[in-house]
Amino acid sequence: MNIKNIYEKLFSFYGDLHWWPGDSDFEVLIGAVLTQNTSWKNVEKAIKSLKDHGDLSMDRIINMDEESLALRIKSAGFYNQKARYLKGICKAIKIKYDSLENMKNNFNEVYDFLSKLNGIGPETRDSILLYALNYKTFVIDKYTLRFFSRLYNKEFSYKDIKENTERSLNTIFELKNFHAMIVELSKDYCRKKPLCIKCPMNDICSYGNNGAVPD
DNA sequence: ATCCTGTTGG
DNA sequence: CCAACGGGAT
């Protein structure tokens, strides 16, 4: 079973999940930070709150004082540090690139740039690269590692899965939708306490076939 | 290993 | 009531 087959099997169950919703690349970037350890519903509220009081632009985040920004994004949790992160990230982008459009032509440089920013770890970085900047890169989160380790009954590294997936899937759409489908599967079935019996991947999963699981 | 924190679902 | 949440920093 290779990555492409896993993708197809998931796709026949979930189809196109339309990730990531957002009216602009910048909104996607903001959402990537806001959603850290937070459900997407609460991020939507935060973004709506921002939009209700002005347009969502880099300059506005930079010029907004940190406390009122924190208040606007309160529903997303961790609002003090996220407000600080967002301002710092926007300032750094403004200084080095001026706009997100100017970040779309140099993967290695942008990858290193994002990696150094406070508030952007591996998953947020990869999400921004894939969903906001449209680079052909795969997002690995803790769901992805758990999913693959159960599927093959083997521990994989971040690099293992990332390189293998980027080799096997050819389009940006597939990379976007693969991550989306793994997240949905992990919330619906491949949870910490998994629901293997009803899981659409059960018949090819080593963990599901050993299945010490509820009905 | 702990802190950051509001919201929702079971 | 508690667990979980498209994590990251120290």
Side-chain angles (χ1 to χ4, degrees), chain A residues 7 10 14-50 52 66-93 111-135 137-150 157-158 161-162 165 172-195 198 213-215:
Chain A
Y7 177 89
L10 280 169
Y14 283 112
D16 179 0
L17 290 171
H18 296 102
W19 270 31
W20 186 304
D23 295 338
S24 66
D25 297 337
F26 184 67
E27 185 177 322
V28 173
L29 187 148
I30 297 295
V33 174
L34 290 178
T35 200
Q36 289 169 2
N37 209 47
T38 303
S39 70
W40 185 252
K41 270 179 190 161
N42 296 331
V43 175
E44 287 180 319
K45 287 181 141 195
I47 289 177
K48 184 171 181 355
S49 170
L50 281 171
D52 284 346
E66 204 169 301
E67 284 142 36
S68 52
L69 175 58
L71 264 170
R72 300 260 122 256
I73 64 173
K74 194 161 188 172
S75 66
F78 308 101
Y79 51 91
N80 286 316
Q81 54 175 24
K82 282 176 181 173
R84 180 160 32 91
Y85 291 163
L86 285 174
K87 283 182 71 70
I89 290 163
C90 288
K91 281 181 192 166
I93 292 175
Y111 181 98
D112 290 338
F113 169 76
L114 290 174
S115 300
K116 288 175 194 152
L117 294 181
N118 207 274
I120 296 187
E123 184 184 349
T124 305
R125 173 196 63 214
D126 293 343
S127 296
I128 291 169
L129 288 168
L130 177 60
Y131 293 101
L133 302 176
N134 232 45
Y135 282 112
T137 195
F138 187 54
V139 180
I140 314 280
D141 60 357
K142 65 181 178 190
Y143 288 150
T144 311
L145 294 170
R146 185 172 70 194
F147 169 63
F148 276 100
S149 75
R150 282 177 176 168
S157 70
Y158 171 93
I161 300 175
K162 189 170 173 71
T165 301
I172 292 174
F173 169 80
E174 287 174 318
L175 290 170
K176 288 180 175 176
N177 208 46
F178 194 37
H179 174 61
M181 294 190 297
I182 289 170
V183 170
E184 292 307 318
L185 185 85
S186 299
K187 291 197 287 199
D188 296 343
Y189 304 99
C190 200
R191 307 176 179 176
K192 183 143 66 171
K193 290 183 170 185
L195 305 173
K198 300 198 169 188
V213 211
D215 112 73

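What you are looking at is a predicted structure, and each value in this text was computed from that prediction instead of being measured. Labels below follow one simple rule: chain letters A, B, ... track the order of the sequence lines, proteins then strands, and each chain is numbered from 1.
Between A/Thr165 and A/Thr144, every side-chain heavy-atom pair lies at or beyond the 4.5 Å cut-off. Here the side chains of A/Leu86 and A/Ile30 are in contact, with some heavy-atom distance below 4.5 Å. By the 4.5 Å heavy-atom criterion applied to side chains, A/Leu50 and A/Leu69 are counted as neighbours. The closest side-chain heavy-atom distance from A/Val28 to A/Ile128 is not below 4.5 Å. Side chains of A/Leu17 and A/Lys176 form no contact here, defined as non-hydrogen atoms less than 4.5 Å apart.
Within the structure, salt bridge (Lys or Arg N to Asp or Glu O under 4.0 Å) contacts touching residues 25-43 of chain A (residues at least two apart or in different chains) are A/Asp25-A/Lys104, A/Glu27-A/Lys51. The stretch residues 14-38 of chain A participates, sequence neighbours left out, in these ring-ring contact (aromatic ring centres under 6.0 Å, His included) pairs: A/Trp19-A/His179, A/Trp20-A/Trp40, A/Trp20-A/Tyr131. Each salt bridge (Lys or Arg N to Asp or Glu O under 4.0 Å) pair with one or both residues in residues 72-84 of chain A, not counting sequence neighbours, would appear here, but there are none.
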Atom pairs and distances, donor-acceptor, side-chain atoms in residues 113-122 of chain A, under 3.5 Å, two or more places apart:
residue  : atom : partner  : partner atom : Å
A/Ser115 : OG   : A/Tyr111 : O            : 2.6
A/Ser115 : OG   : A/Arg125 : NH1          : 3.1

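Between A/Leu114 atom CG and C/dG8 atom C1' there is a gap of 15 Å when expressed in whole angstrom units. Whole-Å rounding puts the A/Glu184 CD to C/dC5 C1' distance at 12 Å. Here C/dC5 presents its C1' atom at 12 Å from CD of A/Gln36, a figure rounded to the nearest Å.
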Can you give me the N/O atom pairs linking the protein to nucleotides 1-4 of chain C at distances under 3.5 Å, or say none if there are none?
residue : atom : partner  : partner atom : Å
C/dA4   : OP2  : A/Lys192 : NZ           : 3.2

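With sequence neighbours excluded, the residues forming a ring-ring contact (aromatic ring centres under 6.0 Å, His included) with A/Tyr135 are A/Phe107, listed by chain and number. In this structure A/Lys91 satisfies the salt bridge (Lys or Arg N to Asp or Glu O under 4.0 Å) test with no other residue, sequence neighbours excluded. When the ring-ring contact (aromatic ring centres under 6.0 Å, His included) test is applied to A/Phe178, the partners found at least two apart in sequence or on another chain are A/Tyr7, A/Phe138.
Between C/dA3 and B/dT2, the two P atoms lie 16 Å apart (nearest whole Å). C/dG6 and B/dG10 are spaced 13 Å apart, taking the P atom of each and rounding to whole Å.
Looking at residues 116-127 of chain A, you'll see A/Leu117, A/Asn118, A/Gly119, A/Ile120, A/Gly121, A/Pro122, A/Glu123, A/Thr124 sit with a heavy atom under 4.0 Å from some atom of DNA chain C. Taking every heavy atom of residues 18-31 of chain A and every atom of DNA chain C, pairs under 4.0 Å involve A/Trp19, A/Trp20, by number. Of all the residues in residues 71-88 of chain A, A/Lys74, A/Ser75, A/Gly77, A/Phe78, A/Tyr79, A/Asn80, A/Gln81 reach under 4.0 Å from DNA chain B with at least one non-hydrogen atom.
Screening A/Leu175, A/Asp141, A/Val139 for a side-chain contact (heavy atoms from CB on, under 4.5 Å) with A/Asp126, the sole residue that qualifies is A/Val139.
Checking the phosphate oxygens (OP1, OP2) of C/dC5, no side-chain nitrogen or oxygen of A/Lys41 falls inside 4.0 Å.
For DNA chain B, the span of nucleotides reached by chain A at under 4.0 Å from its heavy atoms goes, 5' to 3', from B/dC4 to B/dG9.
A donor-acceptor pair is defined here as one N or O able to donate and one able to accept, closer than 3.5 Å; such a pair exists between the side chain of A/Thr38 and the backbone of A/Gln36. Distance alone, capped at 3.5 Å, is enough to place a donor-acceptor pair between the A/Ser75 side chain and the A/Ala46 backbone.
Nucleic acid contact for A/Asp141: none, since no nucleic acid atom lies under 4.0 Å from a heavy atom of the residue.
The residue among A/Arg191 and A/Asn37 whose nearest nucleotide of DNA chain B is located toward the 5' end is A/Asn37.
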Hey, mind stepping through A/Asp52 and A/Ser49 against side-chain hydrogen bond (donor to acceptor under 3.5 Å, both in side chains) and telling me if it holds? CA-CA 5 Å; A/Asp52 284 346; A/Ser49 170; over 6 Å; no

